Structures are given as C-alpha cells and as structure tokens.
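Following: one structure in structure tokens, then a few remarks.
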There are 2 protein chains.
Amino acid sequence: MAGTRGRDVTDEVPRTGRAGTGQAGSGTTSARRARTGTTSTRRASTAATQVEVRERIVAAADALYYARGIQAVGMDEVRTAAGVSLKRLYAEFPGKEQLVLAVLESRHHQWEDGLGRAAAGVEDPRTRLLAIFDFLEEWFTDETFRGCGFINAFGELGATSPAVAAAAREHKQTFQDHVARLTRDAGGDETLGAQLALLAEGAQTTAAIAGRADAARQARRAAEVLIDAALGAR
Amino acid sequence: MAGTRGRDVTDEVPRTGRAGTGQAGSGTTSARRARTGTTSTRRASTAATQVEVRERIVAAADALYYARGIQAVGMDEVRTAAGVSLKRLYAEFPGKEQLVLAVLESRHHQWEDGLGRAAAGVEDPRTRLLAIFDFLEEWFTDETFRGCGFINAFGELGATSPAVAAAAREHKQTFQDHVARLTRDAGGDETLGAQLALLAEGAQTTAAIAGRADAARQARRAAEVLIDAALGAR
DNA sequence: TTGCGCCGAGAACGATCGTTCTCTACTGTA
DNA sequence: TACAGTAGAGAACGATCGTTCTCGGCGCAA
C-alpha cells in the first residue's frame, strides 16, 4: 500500500548490477528505504521521494559514468538505469552538466567518508597518516576500480567544462588539505604533506592504467621512508 | 616550382597557432621542409609527401586532442587544421581510432626523446635520475600543459577502446622501465624505481589539475630523500 | 462521477559527428 | 589537343545525443 504503483516499480530499479559506486569501502546503496512514516501528508511524501529519486539518479549516473566514461553515457541510459522518466530527470537536473557535477559532488563525499573511516580509531598519528594508503589499496582491489573519477573527468571534460575542471581542482585541494592536517598531527610540515599527497596521486593513476593494485603498498613504503626522514627515525 | 599547386597550398597549413604539441622540450614541427631533391621521380615524390602529410595530420590532431580532449574534436576540424582533404585523411587513417593511436604513438616518442635529452650528458647516476623531475618541471611550466596525454586519453576512452587503454598502459610501462634502469645505474633496486615513478605520476596529475607546477620540485625533493635512504647517505 | 492536473512513456527535433559519395578541376601523357 | 586518372571541396547520409513536446492514463477533489 505504500505509495503509488508507479513509485513501487521505480523503487526496485536495477542498480546497474554492482554494489556501491566503485569507491572503496563505500557500500552506499543510496536508497535507504526509510520513508518518513508511511506517506504522511502529500507534500512531505513528495519531498521524500524527490530526495530519493535524486539520489537514485546520481547513483545510477555515477556507476555508468565511472565505468564507461561520461561522454559515452547518454541521458537516456541514465534514465533507464535510474528508473525515472526523462521528464523527471530533467526536472531534477536542468542539463547533463548539472548531473555530472552532482555525481562528482556525491563521489567527493564518498571519498571523504572513506578517508574519515580509514583514519577513525587509529590512535598513532603516523599510522593514521599511513592509513590513507591502506584505504587506497582497498579501493584499488575493488573489481570496478577504474582510477580516480575526478582525474578521469578532468581528462575528459576539463578543457571544455570549467565547472568540471573546478570540481576536480577542489576535490584534489581538499585531499591535500586532509593530508596536510594529518601530517601536522604527526609533527611534519607542509612539504611532507605535499609529498605524501603526490605519492597517493601517483598510486591512483598507476593502479588504474597499469592495473597494479600493489601501487598502494609501494606508495605506503615510500611514505614511511619520507615520514621517518622528516620526523627523525623512531 | 616544387610540387604541384595543390600541394603547395596544403604545405603552408596553419599549425594551429602553437609551437610543438605541448610536450616539454619537444619543439617538433614535424614538417621538415626537406624534400628529396626537387621532385625526383613521381613515385618518390608521392611517398615523400605522404609521410609529410601523415606527420602534419598527426601533429594537428595531437595539438587539438591534447588541448580540448579527443571526443571534443571532430575529424573535420583535424582536416581543417592539417590542411588536407577528408578523403586524404581517411586514406591515411581508416578511422578516428587509428588516428588517435597514431597521435598517442607520436606523443610517446616525443616523451621518450625528452626523457633521453634530459638524461643526456649527465654523468652522475643519481643526478641523472633526478633529471627526470627537472624535465617534468620544464614541461609543467609550458603554457599549453594540460596533464599527461595518456592519462587523459585513458580517462576518456580507456573504458570503451581497448586499444587506447593498451597504448596508455604500454606508455606507462616503458616509463617505469626507464626509471628502473636509471635507478639500477644509481645502485638502487626496483622498489626504489617504482616509488620514484609513483612520484613522477603524482606530480603530473597534481600539476595538471591543481595547476601547481611546483609539484615537480616537491617530487624531486621527495625523490632525493627516497634515493638517499635507499642508497645510504652520501 | 466528472473534471483537473500531474506524471510516465516515448516520439520528435535539432545539432553534431564519423564516414562515404559526388562533382569538378587539374595534371601528366600520347 | 584529347583523355585518363587523381585529388580536393564539400554535400550527403546514417547514427547518436541532449533536450523538448505530445499523448494517454491515473489520482484526487468536488
């Protein structure tokens, strides 16, 4: 009895066959199946499903874009995968670029969540810093891994879409800030932070293109050397 | 006198306004203006201009693809920039993918030439190893720099074109081999080589997306630390 | 029950792109 | 000079894509 028939149909939409969106340790299935009450007032119900629909669209688009490239996926395919009408899709996102930006924003949040989880509960600042590379390794071994979505998007659209280029730049900047903060906690300076960030970036492209998931472990070992050299042997 | 009228027209084609193809220290203007004699036999002349036309097409396509992305540039635009007819273009390259692969191959050779020049004449193996990062810095400061063309191509087409993905993989592999060789010359093992390669890769994406050309210098400093730690202080 | 408004399904439209085809002009040769 | 062959210019074609429009059905209020 919950909702209309049409909504039930779109609720059990295919999630493009994979769990999560290909980001490590995410497992976000976006649809939380937690309606506010049953339907409450019409207005509240509409708002709830709007959020749900938006999330579903973004999740479907993210999986498709990440797996095949942005320009290789048409709006119609996103529509099918998300199980919404084209009209609804364009009601949520006025154009493809807005959808792409929403996907990147979602991916950014997943990335930050993953980083936070990797650091959570780790007491030693040095180990917390190195946990970044453990997180990367977990991500690289995901079978859907195909590199950093922001690097890919930048290479594909960075030259034609300033908004996409800016999104990639901001994502990388917040990562550098994150590493810098952890480095400071461990007693290192910003130079060390920048160098560790370089290792992480290099590991991502190497793992993606060369298909070498052990790039994370190589990067971790290099990071240990750099940290110990900067902080003095332990 | 030299050549036919039609050929002269296509000879002085616009080189898309830039010198080289955006790769550091290249300065390859592809067209060498060195005809074998004047026209010699008809057959030899045709062969000479064929090579020239091919190079011109590849150079024009490379500049356009690198600056704006591959999918954003149509065959017609390549045709105009190269100053050849569509028929001629398709006579040289049966399809766009073949042209893309030829561009990547050309870019790979330029990259190897640049690396070789950077190492040439440097006696000390350690300094020769570090010269990689000087080469990167020079490249990053080029105003047309927009990241590694192979990383960009992989992000854009790696999922849909196995040939492009393979080209990127091979390019990165030869780079790792190159670094490994120089590392061995300096007395280091393959672990060190892999780590230095990670730094170089990370510097490329960081310089491209964050626009920080100093990533090369940061990577160089990190490389020094890693080298000294692996080889013992000097 | 009747009318109203909303929404999904999908056709339609205009633009672009890769690729092919046609037409024309020109070159070299007998 | 007449002719055969070639190459350039660009029209044409089929496919795809982003976006909009139309149609038909359903839920809801009076």
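Each chain gets a letter, A, B and so on, in the order the sequences are listed, and its residues count up from 1. All figures in this text were calculated on a predicted structure; none of them were measured in a lab. Just so you know, these numbers use all the heavy atoms, side chains as well, and skip hydrogens, waters and symmetry mates.
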Open item on the list: Please report the interatomic distance OG(B:Ser161) to CD(B:Glu97), rounded to the nearest 0.5 Å.
Closed with: 3.5 Å
Task: Option passing side chain to side chain contact (heavy atoms under 4.5 Å, CB included) with B:Val103 (candidates B:Ile57, B:Val78, B:Asp62) - done: B:Asp62
- [ ] May I ask you to list the residues of residues 158-166 of chain A, by number, that have any heavy atom positioned under 4.0 Å from an atom of DNA chain C?
- [x] none
Task: Between D:dC17 (C1') and A:Lys96 (NZ): distance, integer Å - done: 8 Å
Task: Partner set under salt bridge (Lys or Arg N to Asp or Glu O under 4.0 Å) for B:Asp134, not counting sequence neighbours - done: B:Arg220
TODO: Evaluate the side chain to side chain contact (heavy atoms under 4.5 Å, CB included) criterion for residues A:Phe135 and A:Leu115: first the C-alpha distance (whole Å), next the side-chain angles of each, then the deciding distance (0.1 Å), finally the verdict.
DONE: CA-CA 7 Å; A:Phe135 169 66; A:Leu115 273 185; 3.7 Å; yes
Open item on the list: Among residues 98-105 of chain B, which ones have heavy-atom contacts with DNA chain C below 4.0 Å?
Closed with: none
Task: For A:Glu170, side chain to side chain donor-acceptor pair (under 3.5 Å) partners two or more places apart - done: none
Open item on the list: If I take atom CZ in residue B:Arg88 and atom P in nucleotide D:dA7, what distance separates them, rounded to the nearest angstrom?
Closed with: 7 Å
Open item on the list: For B:Phe175, give me all partners under ring pair (Phe, Tyr, Trp, His ring centres under 6.0 Å), at least two apart in sequence or on another chain.
Closed with: B:Trp111
Open item on the list: Going by salt bridge (Lys or Arg N to Asp or Glu O under 4.0 Å), name the residues that satisfy it together with A:Glu77, two or more places apart in sequence or in a different chain.
Closed with: A:Arg68
- [ ] Give the rounded distance in Å between these two atoms: CD of A:Glu92 and C1' of C:dC7.
- [x] 13 Å
TODO: For A:Asp177, enumerate each residue passing the side chain to side chain donor-acceptor pair (under 3.5 Å) test, keeping only those at least two apart in sequence or located in another chain.
DONE: A:Gln173
Open item on the list: So if I take residues 68-77 of chain A and measure heavy-atom distances to DNA chain D, which residues fall below 4.0 Å?
Closed with: A:Val73, A:Gly74, A:Met75
In a table with atom names and distances, give each donor-acceptor pair under 3.5 Å that connects a side chain of residues 196-206 of chain B to protein atoms at least two apart or in another chain.
residue: B:Glu201; atom: OE1; partner: B:Lys172; partner atom: NZ; Å: 2.9
residue: B:Glu201; atom: OE2; partner: B:Lys172; partner atom: NZ; Å: 3.4
residue: B:Gln204; atom: NE2; partner: B:Ala200; partner atom: O; Å: 3.4
residue: B:Thr205; atom: OG1; partner: B:Gly202; partner atom: O; Å: 3.2
residue: B:Thr206; atom: OG1; partner: B:Gly202; partner atom: O; Å: 2.8

Task: Cationic tip of B:Arg107 above B:Tyr66 ring, under 6.0 Å, 45° of axis - done: yes
Pairs under 3.5 angstrom, nitrogen or oxygen only, protein versus nucleotides 20-25 of chain C, please.
none

Task: Residue list, side chain to side chain donor-acceptor pair (under 3.5 Å) with A:Glu105, at least two apart or on another chain - done: none
TODO: Please report the closest heavy-atom contact between B:Val179 and B:Gly193, naming both atoms and the distance.
DONE: CG1-O, 3.4 Å
Open item on the list: Test of understanding: with salt bridge (Lys or Arg N to Asp or Glu O under 4.0 Å), list the residues that count as partners of B:Asp214, not counting sequence neighbours.
Closed with: B:Arg212
